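See below for the structure under consideration.
Nothing here was measured: the structure is a model prediction, and the numbers come from that model. We count residues from 1, following the sequence as given.
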Amino acid sequence: MELELYPPLKKIDIPSVPNNISLVEKLVDDICENLGIKENKYGNILIAITEAVNNAIVHGNKKDSNKTTSITCSHKDNKILFSISDEGSGFDFENVPDPTDPNNIEKPKGRGIFLMSHLSDEISFEENGTRVELSFSLS
């Protein structure tokens, strides 16, 4: 995805503490309301974006309040795009365990990327996994 070609609709930088997820929920609420996004699409966007931000805070920045998680939202041509980045060292996004595998089904973690990829229309990992970009069609 080429997020940088889209003019930013909103951008926020938050300290990497789990309580700041509420700020992201408010951001998604405001954006979806302003764009008139229907409830079924809104739910997908909200879950996928909060999962991405939670991963950035918890796994990327290790809940370090001195590190920033950045969320940028852009809108163009009936598409809404979100970019979530952290200051971590990245991860091997090509080899994420499948949470539907019988060996992983009982594990309490490991479903975030699975959810993001199934709820968004397009997902890509950039900069060694320190940035995830999610695209949602509005039609």
Side-chain angles (χ1 to χ4, degrees):
M1 281 182 279
E2 297 182 19
L3 184 64
E4 51 279 344
L5 297 179
Y6 289 67
L9 190 60
K10 284 265 189 179
K11 181 180 188 322
I12 62 170
D13 296 322
I14 58 173
S16 291
V17 293
N19 287 347
N20 283 336
I21 292 289
S22 62
L23 298 173
V24 177
E25 291 169 345
K26 173 87 170 96
L27 172 74
V28 172
D29 287 351
D30 291 347
I31 289 168
C32 288
E33 184 178 325
N34 289 339
L35 294 175
I37 293 172
K38 296 194 180 2
E39 196 169 322
N40 62 333
K41 185 63 80 169
Y42 161 78
N44 289 353
I45 294 169
L46 181 65
I47 293 168
I49 299 310
T50 55
E51 284 292 336
V53 172
N54 186 64
N55 281 353
I57 289 171
V58 174
H59 302 295
N61 289 338
K62 311 288 188 218
K63 300 182 195 174
D64 182 345
S65 62
N66 295 313
K67 291 186 176 182
T68 300
T69 298
S70 298
I71 303 96
T72 303
C73 175
S74 300
H75 172 250
K76 185 176 180 184
D77 299 334
N78 212 29
K79 239 187 217 188
I80 188 167
L81 298 111
F82 288 86
S83 176
I84 296 90
S85 59
D86 61 60
E87 296 181 58
S89 58
F91 71 105
D92 183 4
F93 51 86
E94 299 287 336
N95 292 303
V96 175
D98 178 358
T100 64
D101 182 292
N103 294 326
N104 299 327
I105 206 86
E106 296 293 324
K107 293 181 179 176
K109 295 183 179 184
R111 291 171 178 73
I113 292 173
F114 178 83
L115 284 170
M116 288 186 288
S117 63
H118 283 80
L119 295 174
S120 65
D121 293 310
E122 191 177 352
I123 184 171
S124 67
F125 294 95
E126 309 296 333
E127 298 174 25
N128 198 38
T130 61
R131 187 175 84 226
V132 60
E133 294 181 351
L134 299 154
S135 170
F136 301 88
S137 170
L138 301 180
S139 55

At what distance, to the nearest 0.5 angstrom, does OG1 of T50 lie from CD1 of I45? 11.5 Å

From CA spacing to verdict: side chain to side chain donor-acceptor pair (under 3.5 Å), S70, D13: CA-CA 4 Å; S70 298; D13 296 322; 2.6 Å; yes

Measuring only between side-chain heavy atoms, which start at C-beta, is L138 closer than 4.5 Å to H75? yes

Are any side-chain N or O atoms of K41 and backbone N or O atoms of S137, one a donor and one an acceptor, separated by less than 3.5 Å? yes

Quick one, C73 with I80, criterion side chain to side chain contact (heavy atoms under 4.5 Å, CB included). Give me CA distance, side-chain angles, the key distance, then yes/no. CA-CA 7 Å; C73 175; I80 188 167; 3.6 Å; yes

So, do E25 and L46 sit near enough that their side-chain heavy atoms are less than 4.5 Å apart? yes

First locate atom CD1 of I12, then atom OG1 of T68, and finally report the distance between them rounded to the nearest 0.5 Å. 11.5 Å

Considering all heavy atoms, the nearest V132-A52 contact: CG1-CB, 3.8 Å

Rounded distance (nearest 0.5 Å) linking atom OG of S139 with atom NZ of K38: 10.5 Å

From F82 atom CZ to K11 atom NZ, the distance as rounded to the nearest 0.5 Å: 13.5 Å

Flag the pair I47 / H118 as yes when at least one side-chain heavy-atom distance between them is below 4.5 Å, and no otherwise. no

Apply side chain to side chain contact (heavy atoms under 4.5 Å, CB included) to residues L23 and I71 and explain how you reach the verdict. CA-CA 11 Å; L23 298 173; I71 303 96; over 6 Å; no

Could you tell me whether a side-chain N or O of S16 sits under 3.5 Å from a main-chain N or O of K67, the two making a donor and an acceptor? yes

Expected output: side-chain D64 to main-chain N66 donor-acceptor under 3.5 Å: yes

Working for side chain to side chain contact (heavy atoms under 4.5 Å, CB included), residues I57 and I14: CA-CA 9 Å; I57 289 171; I14 58 173; 4.2 Å; yes

Could you walk me through whether E122 and S124 pass the side chain to side chain donor-acceptor pair (under 3.5 Å) check? CA-CA 7 Å; E122 191 177 352; S124 67; over 6 Å; no

With rounding to the nearest 0.5 Å, note down the distance linking CD1 in I31 to OG in S74. 9.0 Å

Test item: D86 side-chain N/O and N61 main-chain N/O as donor-acceptor pair under 3.5 Å: no

Report the residue from I113, N55, T130 that forms a side chain to side chain contact (heavy atoms under 4.5 Å, CB included) with F91. I113

Rounded to the nearest 0.5 Å, how far does CG of N20 lie from NZ of K26? 15.0 Å

Nearest heavy-atom approach of K79 to S135 is CD-OG, 3.4 Å

What heavy-atom pair brings S65 and P15 nearest, and what distance separates the two atoms? O-CB, 3.6 Å

